[in-house]
Amino acid sequence: MHRKSIKGAAFLAAAIAASLTPAAAIADSGEYFERVATYPVYQNHPDGAAATTAAEISTVSADGNTLIYSDALSRSIGFLDISDPAQPQGLGLLGLHQLGSAEDEPTSVAAYGQYVFVVVNTSASYSDPSGRVDVVRIADRTLVHSFDLPGQPDSIAISADGAYAGIAIENERDEDAGDGGLPQAPAGSIAIMDLDGAEPAGWTLREVPLSAGTRTAPVALPMLEGAGLDTPQDPEPEYVSINAANQLAVTLQENNGVVLIDLAEGKITSAFGTGAVDLEGIDTEKDGVLDPSGSLSQIPREPDAISWLGEGYLATANEGDWKGGSRGFSIFDAATGKVVWDAGNSFEQLALSHGLYPEHRSGKKGVEPEGQAIAEFDGVDYGFVASERGNFVAVYDLSDPSAPRFVQVLPTTNGPEGILPIPERNLLAISSETDEGEVRSTVALYSFGANEAQFPQLSSDDADPVPFGALSGLSANPADDSRLFAVSDNAYAPRIYTLRTEGGMVESSMQVTGASLELDLEGIAARAEGGFWAAHEGETGAENLLVRIDSAGAVQEEIALPGVDQLGKHGLEGVAVHASGAQEEVVFALQRELPGEDFVRVGRYLPHTGQFNWYGYQLEAAEDGAWNGLSEITALPDGTYAVIERDNLAGPEAKRKAVYQFALPAGSEREVPLVGKELAVDVLPVLRETNGWTQEKLEGLAVAGGQVHVVTDNDAVDEASGETVFANLGAAAELFDLAAPTPAPEEEPEDKPSAEPAPSENSEAKSGKDAEESGQRHAPQPSAPIDPQAISDIDRQAKPDKDLAETGARSLWLIPVGAVIALLGAAAAIKSARTRMK
């Protein structure tokens, strides 16, 4: 096939620039944050990708150029050069064995002038907690001074005037002791460092107890007991924040309360309980269904992170623990403890509408808002609230504390923990602590001042979300060029979604019903006469099915494939359909090779006769330790096909995410004829355009309105970042050779073992009419071997006449004869448009 300008660098650059479907209207100019880099912190570790390492809490040097993060997994402190935010550079690690012991664990960091405070847990056990603060000079990473702490520390905050540092001494509970609840001695407290003078040796430390009694038998303070806290004798402080008046606020997460302390006096000034909420419109059951129709009553907020908003308000991220968690965030009047505003279900609905809801956590704490920060950018107070399980940070304009205005969602990698605004450089840094599988721990950098949001590329209405995720296949809508259909795999109960391409909106979804087994739908193709063909990937080869579904979502037919019994997993991954009625062809793709074969199979099924044909598609060589496979197939207007060929790699390791074009051969002496393929477009640059974690599962491909669309499967936000990429790759006429290409002559592969023919290369089932009436799954009956002449006859029936192709109405043969006349005007328009493009 002759390639067009897709091979030109200028066209590729334009395709990338235009690839991302806009998904948010421009609001106030310049108020958006835009991701400029995602740095995997294993690149900062001497062991590289083999390292167990993570960035948890981060801080930044006084000049804003060196980011420092705590790494509890590798017992280290990491340093990054962010002077160029788009190209962060690793500066290496400082191991805690160089400061004290290799068993020490960093819990937090905070930069102060030329130093960084490293907060360290040195506890021998839960019942014998201890810790220290190491003062390290940033320039040469030398230890300047250490301060012993009265227990196990968690967070640290430094006052704006540089006079004080406040440290939460948590003395956390042992979750495996008894029922894992409180009380568990010893009780926690607050440590205050008085930073008098320039030399750390002259600084002092004092403690503010949050309980009375003894270390082994703590007693509740009257002020805390009067605040109605859960277990006031064991306050267990979590997170601290200091305002301009040097008031420290600390959350008592398990106690569902907040305590305020005057740092100069070292005294508790007030305490209040953070109360409970009633939640409606949330998903409360882990059942594989995105169903926000549940409710919870009187759920304790149990705040984790806390931030001052000015001097009079406090905002909390209400993560919860084993007793509660309100799945949102709240703003309190600091003087009275009264709720000024509460997110209710809106934070969770953001996750649902952006395809970031972790359904597997529905029975627990849902999205788990944990990290939080507030900072002023361009004169506006912005709040940042992180969803630990949904892998995102929501941004709010907090100009009116009683009515926060949602601005945007920022996608992150797994477990966003540290939220670090750097307003003097118009930057935001987010460190994500989870380091597992294909998604590694990262530090992501976002620049403030963009005119529009770069995420989401696909979403639904925030106020009335259509929950979605795990999109595994796309299809054009024959009745509407501005709409697509999508399907989800078995991460959720199967549903068919309707997407609007303009604005990247998920408009509706429909449940698939009536199947004889639990469906794992990996591909979908809308039929011209209504309804769909779908591809069910079985756990074994014999369980792979083509599934016919009517327009109401009801399964009408389940058809087994011949000759794939030896296939393990990696079965059906895509399905396409050509023509209609007696001419209808269903073409489908397996993901991986059958045992003993060096190609992956593409099949063709003729519903009217029940005939199957097999073809071979040779994959590109994969990277060492990885594999390549097919993950989608779609029909092109001229009778050829496009497939997604991808590897199973993600992030910086991803190498192949591409779309290829091929035609089914008209005949061959081989039992399984090989197709000739040609690269249409490399999608990797598009997946990397927004500077995030490169998604592994490029799984959806469709052509609608002359445009080529792709979508990624977000794995239901389960051990995956959850970000869905929905992109327009450009015009099909530019990406593909649509001049009815003639299949290239086959060449026998050199030095490759000959493939053994699979059983039943040609099979027949019941007629389409009989199958529809029966509505039952049936296995095709064996028939004679493939007749190359028969294949050639079928191809001649299915392909347009050469003269017709040259008129610009190449695809009219797909349409029932009765509709041809009605579409002649559209065909002329297509011809005219193509003429202009040439």
Side-chain angles (χ1 to χ4, degrees), residues 30-46 48-49 51 53-71 74 76-95 98 106 108-118 135-142 144 156 158 160 162 371 373 375-378 382 384 393 395 410-413 416-433 440-451 454 651-652 688-694:
E31 74 168 348
Y32 294 103
F33 290 82
E34 178 177 76
R35 185 173 52 197
V36 295
T38 298
Y39 180 84
V41 296
Y42 72 75
Q43 294 181 355
N44 198 32
H45 194 285
T53 182
E56 186 176 7
I57 302 299
S58 57
T59 187
V60 70
S61 59
D63 62 5
N65 290 329
T66 303
L67 183 143
I68 306 157
Y69 60 87
S70 61
D71 182 353
S74 71
S76 302
I77 302 300
F79 295 79
L80 297 180
D81 177 357
I82 60 168
S83 54
D84 178 358
Q87 297 289 334
Q89 301 294 319
L91 298 175
L93 302 176
L94 172 64
Q98 297 174 258
S108 192
V109 288
Y112 176 75
Q114 62 178 314
Y115 305 114
V116 59
F117 294 160
V118 181
V135 182
V136 174
R137 185 181 295 110
I138 296 173
D140 58 10
R141 304 182 196 178
T142 58
V144 177
I156 183 174
I158 300 174
E376 183 180 305
F377 287 82
D378 196 20
Y382 287 95
F384 308 91
V393 171
V395 183
L410 300 175
T412 70
T413 53
E417 173 79 4
I419 313 299
L420 175 64
I422 314 175
E424 61 274 13
R425 294 196 59 202
N426 276 340
L427 292 176
L428 172 71
I430 300 173
S431 48
S432 297
E433 64 176 340
R440 305 301 301 271
S441 173
T442 67
V443 172
L445 295 169
Y446 305 78
S447 176
F448 175 73
N451 288 325
Q454 65 179 188
R688 289 175 170 159
E689 178 68 11
T690 58
N691 304 305
W693 189 258
T694 303

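Keep in mind that what you see is a predicted model, and the values were worked out from it rather than measured.
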Return the [atom1] to [atom2] distance between [X] and [Y], rounded to the nearest 0.5 Å.
| X | Y | atom1 | atom2 | result |
| --- | --- | --- | --- | --- |
| Thr59 | Tyr112 | OG1 | OH | 13.0 Å |
| Leu67 | Ser58 | CG | OG | 5.0 Å |
| Asp81 | Tyr39 | CG | OH | 10.0 Å |
| Leu445 | Ser431 | CG | OG | 10.5 Å |
| Tyr446 | Glu34 | OH | CD | 11.5 Å |
| Leu93 | Gln98 | CG | CD | 9.5 Å |

Does a side-chain heavy-atom distance below 4.5 Å link [X] with [Y]?
| X | Y | answer |
| --- | --- | --- |
| Ile158 | Phe117 | yes |
| Ile419 | Ile430 | yes |
| Arg425 | Pro85 | yes |
| Asn44 | Tyr69 | yes |
| Arg440 | Trp693 | yes |
| Leu410 | Leu428 | yes |
| Ile77 | Val116 | no |

Heavy-atom closest contact ([X] atom, [Y] atom, distance):
| X | Y | result |
| --- | --- | --- |
| Gly692 | Thr38 | CA-OG1, 3.4 Å |
| Ser432 | Ser441 | O-OG, 2.5 Å |
| Thr53 | Tyr42 | CG2-CA, 3.6 Å |
| Thr442 | Ala55 | O-CB, 4.3 Å |
| Leu94 | Arg141 | CD1-O, 4.0 Å |
| Arg688 | Gly651 | NH2-O, 3.2 Å |

Could you give me the CA-CA distance, side-chain angles and deciding distance for Val41 and Asp71, then say whether side-chain contact (heavy atoms from CB on, under 4.5 Å) is met? CA-CA 9 Å; Val41 296; Asp71 182 353; 5.6 Å; no
Using the six-membered ring wherever Trp is involved, compare the ring planes of Phe33 and Phe384 and label them parallel, tilted or perpendicular (cut-offs 30° and 60°). perpendicular
Can a donor-acceptor pair be found, under 3.5 Å and without considering hydrogens, that links the side chain of Asn65 to the backbone of Ile82?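 No, Asn65 side chain to Ile82 backbone: no donor-acceptor pair under 3.5 Å.
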Applying the side chain to side chain donor-acceptor pair (under 3.5 Å) criterion to Arg35, which one of Thr412, Thr690, Asn691 satisfies it?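 The option that passes is Thr690.
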Evaluate the criterion side-chain contact (heavy atoms from CB on, under 4.5 Å) for residue pair Leu427 and Val60; output intermediate values, then yes/no. CA-CA 11 Å; Leu427 292 176; Val60 70; over 6 Å; no
Taking it one step at a time, do Ile57 and Glu417 satisfy side-chain contact (heavy atoms from CB on, under 4.5 Å)? CA-CA 7 Å; Ile57 302 299; Glu417 173 79 4; 3.8 Å; yes
side-chain contact (heavy atoms from CB on, under 4.5 Å) between Val136 and Val144, intermediate numbers included: CA-CA 6 Å; Val136 174; Val144 177; over 6 Å; no
